[in-house]
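When a ligand or atom number is given, it counts from 1 through the structure's own listing order.
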Amino acid sequence: MKVLVIGSGGREHALCWKIKESPLLTKLYCAPGNAGIADLADCVPIPADDLDALRKFAGDMKIDLTIVGPEAPLVAGIVDAFKKAKLPIFGPTKAAAQLEGSKAFAKQFMKEQGIPTANFGVFSDYKKALKALDEYQYPLVIKASGLAAGKGVIICPDRSFAEKTLKTILSDRSFGEAGSKVVVEEYLQGEEASILAITDGERYFMLPPSQDHKRLLDGDLGPNTGGMGAVAPARVVTPELQERIEIEILRPTLKGMRAHKTPFRGCLYLGLMICSDGPKLLEYNCRFGDPETQVVLPMVRSDLLKIFLAAANGNLSTEELEVWSKWCVCVVLASAGYPGKYQKGLPISGLKAFSDRIKIFYAGTMLKDNKTVTSGGRVLGVTGIGFNLQSAVKFAYQAVESIQFEGKTFRTDIAQKALKRPRKKQVAKIPVPRRFD
Ligand code: AMP
Ligand code: GLY
């Protein structure tokens with residue numbers, strides 16, 4: 001099988017690494033890829049949002065399956081374009097990708113399906129939104145409805161901050177069209193977790209739950225980032241909670257999307273807050289999470305390419321999902337200044353061969369004169385793989401110490417919250433795909 005992966009981050013490196021294990025694979029391409037992916041795949045210099053060029057490449061090269069990493073091409077309709085050209089692709093259609101592309105749509109859908117989530121209102125009129133602030137307590141959360149590269153969620157500590165935020169988004173259009181609507185919602189207290197589900201629109205597998213560390217600094221302080229590290233399985237999601245998430249959130253989502261005549265096929269990401277009264281859904285993503293994918297994929301024993309192909313063909317029924325009893329911890333190494341401005345082109349040293357307990361997934365990196373240099377905010381994901389959580393943490397941080405580049409920035413407390421939780425049997429195994437009715 002000839003496979004094309006679209007994207008250039010740590011998530012896509014992890015996808016390429018996992019797909020590379022498959023006996024079905026004959027040739028792997030990645031567009032545009034990065035310095036690490038180049039060791040596994042032929043990198044093709046087509047940007048992830050150039051839908052026409054990607055479709056032409058897949059057609060010319062007779063690609064048997066395309067797997068899409070980032071949300072932008074999905075929300076722009078890459079799956080529809082490929083399907084029209086009869087090119088097999090794993091991912092949701094433009095209509096189904098609205099679950100991520102429009103927070104207003106997603107929240108209204110959650111309400112319609114009775115899915116537990118924060119109370120909210122959707123506004124496009126600045127004055128009406130201002131008036132509605134009377135109904136909320138602080139802190140409160142204001143979100144630009146459209147895609148905003150992870151920057152569209154603002155936690156407002158008080159009313160005056162909320163008023164300014166509404167003005168910036170709705171009147172000044174600081175996020176452009178993505179801010180033509182806002183979601184104003186209740187602030188939820190709890191611990192966050194992520195669940196990835198592979199679905200063909202009728203059946204699904206839940207992958208092991210994971211936990212991202214979104215803030216820049218130790219102790220969950222500082223600005224939100226794309227994610228500074230992750231752990232899987234997430235201890236906060238006990239098997240009992242995982243079952244509740246499946247019944248109260250995942251199944252109603254898939255059932256509701258099918259009822260809307262826009263079945264979701266691909267990887268559905270549930271961004272959850274585990275509150276004192278149970279799991280609540282913060283957001284959907286219509287794709288694999290990053291860095292979550294860098295800890296979840298090393299836990300999967302089965303041939304994921306076979307599973308992606310079956311899901312893309314609407315035929316997940318004959319597959320099985322086997323998961324290792326392992327722990328994975330990913331520490332992200334970022335450029336100094338991230339998530340703001342940062343320097344590029346800095347040489348990276350210490351990228352030697354590591355043991356099989358360590359996987360280095362490359363993100364913002366490129367090759368310059370045959371040397372690996374930084375080219376993005378999140379530079380590398382260093383994943384430690386252990387038979388217990390402590391050893392996974394130890395392996396990850398040992399490797400972190402041996403890799404160097406100017407301004408290397410990372411959190412020193414990835415998985416510490418998980419370590420403080422009591423040890424329990426973790427993974428609620430789902431060896432065969434489940435139907436939701
Ligand atoms: P989202 O893109 O909607 O997941 O939001 C990004 C991040 O903002 C989440 O991962 C949370 O850390 C935070 N967040 C979003 N919505 C809420 C909420 N209602 N209450 C508390 N934190 C939130
Ligand atoms: N780690 C958060 C995301 O992928 O959106």
Side-chain angles (χ1 to χ4, degrees), residues 7 9-12 14-15 68-72 74-75 97 99-107 110 115-122 136-157 162 165 175 178-179 182-196 207 209-216 220-232 234 236 267-276 279-297 330 332 334 339 361 363 377-378 381 411 414 417:
R11 163 184 54 205
E12 287 77 16
L15 280 165
V68 189
E71 62 277 14
L74 293 167
V75 172
L99 284 182
E100 178 167 3
S102 167
K103 288 189 189 292
F105 170 81
K107 290 292 291 192
M110 291 176 211
I115 291 169
T117 189
N119 293 325
F120 71 101
V122 175
Y136 291 89
Q137 292 183 329
Y138 293 88
L140 89 80
V141 188
I142 298 181
K143 303 180 175 182
S145 177
L147 291 186
K151 298 198 170 83
V153 175
I154 293 126
I155 315 269
C156 305
T165 303
F175 293 107
V182 294
V183 173
V184 176
E185 78 180 31
E186 170 199 16
Y187 179 84
L188 296 177
Q189 298 277 4
E191 202 172 317
E192 284 183 62
S194 313
I195 294 230
L196 306 177
L207 298 178
S210 55
Q211 187 170 54
D212 189 4
H213 294 61
K214 290 218 163 82
R215 302 291 198 103
L216 179 67
D220 293 329
L221 298 172
N224 255 336
T225 69
M228 292 299 290
V231 52
V236 64
C267 176
L268 179 67
Y269 169 123
L270 306 176
L272 304 153
M273 188 70 92
I274 310 301
C275 304
S276 54
K280 293 196 177 153
L281 186 62
L282 286 179
E283 63 158 349
Y284 292 111
N285 289 323
C286 61
R287 42 128 187 121
F288 292 90
D290 198 2
E292 288 93 329
T293 303
Q294 301 179 51
V295 287
V296 170
L297 295 198
C330 172
V332 169
F361 294 117
R378 291 191 289 177
R411 278 181 61 160
I414 302 300
K417 250 188 295 185

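Counting only heavy atoms of the protein, atom 16 (N) of ligand 1 lies nearest to K143 NZ, 3.0 Å. Among all non-hydrogen protein atoms, the one lying nearest atom 19 (N) of ligand 1 is E185 OE2, 2.7 Å. From the protein, the heavy atom lying nearest to atom 7 (C) of ligand 1 is N224 ND2, 3.9 Å. Nearest non-hydrogen protein atom to atom 17 (C) of ligand 1 is L282 CD2, 3.5 Å.
By the 3.5 Å distance cut-off applied to N or O atoms, L188 is counted among the residues near ligand 1. In terms of polar-atom proximity, defined here as any N/O pair under 3.5 Å, E283 makes no such contact with ligand 2. Distances between N or O atoms of Y187 and those of ligand 1 include no value under 3.5 Å.
Ligand 2 is never approached by F288 to a heavy-atom distance shorter than 4.0 Å. No heavy atom of G227 sits closer than 4.0 Å to any atom of ligand 2. Look at G226 and you'll find a heavy atom under 4.0 Å from some atom of ligand 2. At least one heavy atom of K103 lies less than 4.0 angstrom from ligand 1.
Atom-to-atom distance recorded for C286:SG and Y269:OH is 12.0 Å, nearest 0.5 angstrom. Between Y284 atom OH and K107 atom NZ the span is 10.0 Å, to the nearest 0.5 Å. Atom CG of L216 and atom OG1 of T225 lie 6.5 Å apart (nearest 0.5 Å).
Residue R11 does not touch ligand 2, judged by heavy-atom distances below 4.0 Å.
Side-chain contact between V184 and L140 is present, with at least one heavy-atom pair separated by less than 4.5 Å. Counting heavy atoms from C-beta on, the side chains of L196 and F288 come closer than 4.5 Å. Contact check for L270 versus L281: side-chain heavy atoms found under the 4.5 Å cut-off. In this structure, the side chains of H213 and V231 come closer than 4.5 Å at one or more pairs of heavy atoms.
Summarising the contacts of atom 12 (O) of ligand 1 with E192, E186, K214, the nearest heavy atom is found in E192. The nearest non-hydrogen atom to atom 5 (O) of ligand 2, considering only R287, Q294, K214, comes from R287.
Ligand-side atoms of ligand 2 in range of E292: 1 (N), 2 (C), 4 (O), range being under 4.0 angstrom from any heavy atom. For ligand 1, the atoms sitting less than 4.0 Å from at least one non-hydrogen atom of V153 are 1 (P), 2 (O), 3 (O), 5 (O), 6 (C), 8 (O), 15 (C), numbered in the order shown with element in parentheses. Near G289, with a cut-off below 4.0 Å to any heavy atom, the atoms of ligand 2 are 4 (O). Near D212, meaning under 4.0 Å from any of its heavy atoms, are these atoms of ligand 2: 1 (N), 2 (C). Here is the list of ligand 2 atoms found below 4.0 Å of a heavy atom in N285: 3 (C), 5 (O).
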Residues E186, Q137; criterion side chain to side chain donor-acceptor pair (under 3.5 Å); working and verdict: CA-CA 7 Å; E186 170 199 16; Q137 292 183 329; over 6 Å; no

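A side-chain donor-acceptor contact under 3.5 Å links R215 to the backbone of G222. Between the D290 side chain and the R11 main chain, a donor and an acceptor come within less than 3.5 Å of each other.
The number of heavy-atom neighbours closer than 6.0 Å to NZ of K417, taken from other residues, nucleotides and ligands shown, is above 12.
Between K214 and D220 no salt bridge is recorded (no basic side-chain N to carboxylate O distance below 4.0 Å).
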